[in-house]
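Worth saying up front: this structure is predicted, and the values here are computed from it rather than measured.
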Amino acid sequence: MRFGVLGPLEVSSDDGIPLRLGGPRQRVVLAALLINANRLVAVPHLLEAVWCEEPPPSAAVNVRGYISALRRLLRDGGNDEGHVQPRITTLTGGYLLRAGTSELDFSLFINRSRQGERELATGQIEQAAQSLQSALDLWRGSPLDGLPVPLTVHAELERMRELRLLTVERAAQARLDLGQADALVPELSTLTRQHPFRERLWELLIVALHRTGRQADALAAYARVRRMLVEELGIDPSDRLKRLEQQILCGNPSLDALATAADPPVVSGPPQCHASHRMVRRVKVASGPSGCPEWACGREVLERGGP
């Protein structure tokens, strides 16, 4: 049996034949059981999932009817053959739907994403890129797209979307380390427009621009995210983003090296300035705050005859 929640709700037999899932309320019950697969779902949670407002007096009876219909549907679809226990079990206070890791697309996504994360952390970049992309390929759209779900389910759906975004970021890191900066720039540009407050995506975009020789565009991207954070949220960019700007200004060669872990491509500590790299913008040297890496870098470059 195959269960799909990473997009419109789908259930199909092992040979790929889709099952007809019944009306909206029965589908909501199935969705609530699937996103909590292998865990007890309390009856009050199901009642709230089906009836966003005050449930009618017959609500509990109706839910039992939906559960019975789902049991018949899964059994008739050949789902319970070979299973010692039924797919949906009645427990004290609620119901539990059993789904194996290979049966539920969200469970598959979690496993592949974690595998890619481990591979990225241990320097297996090509394998990580493949694992992470295979995880993302499971998504067919927004989770439970087209199904009316209550606020009680929204939190779980938001968690699923957040996990997808984390996987998108890790996949982009792996591809960046494989030298695919050119292809990543348009994708990351779109992602930063869709998720403008996600600084990790901005970090990846800025590094991708830098690695394609577009230092001015990389600094312009930093200026955009800084202005947006200050004007709309009243906060400064993270220390990592600030260091990244300084490293580009100073021509730090670490930005051109491939990463060996899943951490952002920003080295810790004060940025090291390298006079052999061209400065991207003019820097005053007559005065300025002592110890500022930007001023020190400009001073060193000018002393050696740089621009």
Side-chain angles (χ1 to χ4, degrees), residues 113 116-117 120-121 125 128-129 132-133 135-136 139 142 158-273 277-281 283 292-294 297:
S113 180
E117 182 182 2
L120 192 60
I125 307 302
L132 294 167
Q133 187 57 53
L136 294 171
W139 287 73
S142 297
E158 187 58 34
R159 184 182 76 90
M160 295 165 70
R161 296 188 189 98
E162 172 65 19
L163 291 173
R164 180 185 179 276
L165 269 177
L166 287 172
T167 303
V168 166
E169 292 169 348
R170 289 169 182 144
Q173 176 68 72
R175 292 176 58 193
L176 190 61
D177 291 346
L178 290 174
Q180 301 176 17
D182 282 308
L184 277 169
V185 167
E187 297 177 25
L188 289 168
S189 297
T190 299
L191 286 168
T192 53
R193 287 194 296 270
Q194 295 172 342
H195 308 280
F197 301 117
R198 222 174 159 89
E199 292 184 71
R200 178 71 173 115
L201 290 173
W202 285 100
E203 292 173 10
L204 292 163
L205 173 61
I206 290 169
V207 173
L209 287 166
H210 171 78
R211 289 188 181 176
T212 56
R214 298 167 59 181
Q215 284 79 10
D217 289 336
L219 289 172
Y222 173 82
R224 285 199 305 275
V225 65
R226 180 186 181 281
R227 182 171 57 251
M228 178 189 60
L229 292 172
V230 170
E231 292 179 355
E232 299 191 28
L233 300 182
I235 62 175
D236 289 325
S238 66
D239 289 341
R240 291 197 314 216
L241 266 175
K242 291 177 182 178
R243 288 197 300 269
L244 182 54
E245 183 207 25
Q246 292 298 322
Q247 288 165 342
I248 293 174
L249 286 169
C250 296
N252 194 312
S254 66
L255 293 181
D256 300 314
L258 298 185
T260 58
D263 293 328
V266 182
V267 299
S268 60
Q272 300 298 314
C273 299
H277 289 256
R278 178 179 178 84
M279 289 295 291
V280 182
R281 71 183 185 191
V283 181
C292 174
E294 178 183 343
C297 183

Measure the spacing between [atom1] of [X] and [atom2] of [Y] and express it to the nearest 0.5 Å.
X: R193; Y: L205; atom1: CZ; atom2: CG; answer: 9.5 Å
X: L176; Y: E203; atom1: CG; atom2: CD; answer: 11.5 Å
X: S238; Y: R226; atom1: OG; atom2: CZ; answer: 12.5 Å
X: T192; Y: E187; atom1: OG1; atom2: CD; answer: 12.0 Å
X: L132; Y: R170; atom1: CG; atom2: CZ; answer: 8.0 Å
X: L255; Y: H210; atom1: CG; atom2: NE2; answer: 4.5 Å

Return the minimal non-hydrogen interatomic distance between [X] and [Y], and the atom names on each side.
X: A221; Y: I206; result: CB-CG1, 3.9 Å
X: G116; Y: A128; result: O-CB, 3.5 Å
X: A135; Y: S113; result: CB-N, 3.9 Å
X: L204; Y: A172; result: CD1-CB, 4.0 Å
X: W202; Y: R224; result: CZ3-NH2, 3.9 Å

| task | Mind running salt bridge (Lys or Arg N to Asp or Glu O under 4.0 Å) on R161 and E158 for me, showing each step along the way? | result | CA-CA 5 Å; R161 296 188 189 98; E158 187 58 34; 3.4 Å; yes
key: Candidate pair T167 and R164, rule side-chain hydrogen bond (donor to acceptor under 3.5 Å, both in side chains), full reasoning   = CA-CA 5 Å; T167 303; R164 180 185 179 276; over 6 Å; no
- Query: Do E199 side-chain atoms and L241 backbone N/O form a donor-acceptor pair below 3.5 Å?
  - Reply: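 No, because the side chain of E199 does not come within donor-acceptor range (under 3.5 Å) of the backbone of L241.
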Handout entry: Stepwise side chain to side chain contact (heavy atoms under 4.5 Å, CB included) test for I125 and L120
Key = CA-CA 5 Å; I125 307 302; L120 192 60; 3.8 Å; yes
Exercise. Report the residues that fulfil salt bridge (Lys or Arg N to Asp or Glu O under 4.0 Å) with R198, sequence neighbours left out, ordered by chain and then residue number.
Key: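 Partners of R198 under the salt bridge (Lys or Arg N to Asp or Glu O under 4.0 Å) test: E162, E169.
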Are L209 and L188 packed together at the side-chain level, in the sense that at least one heavy-atom pair is separated by less than 4.5 angstrom?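 No, their side chains stay 4.5 Å or more apart.
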pair R214-V185: side-chain heavy atoms closer than 4.5 Å
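The answer is yes, as the side chains (C-beta and beyond) meet within the 4.5 Å cut-off.
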Worksheet item: Do you see a donor-acceptor pair shorter than 3.5 Å between the side chains of R175 and Q133?
Response: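 Q133 and R175 do not have a side-chain donor-acceptor pair below 3.5 Å.
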Sequence neighbours excluded - salt bridge (charged side-chain N to carboxylate O under 4.0 Å, His left out) pairs with any residue from residues 227-236: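 Listed by first then second residue: nothing to list.
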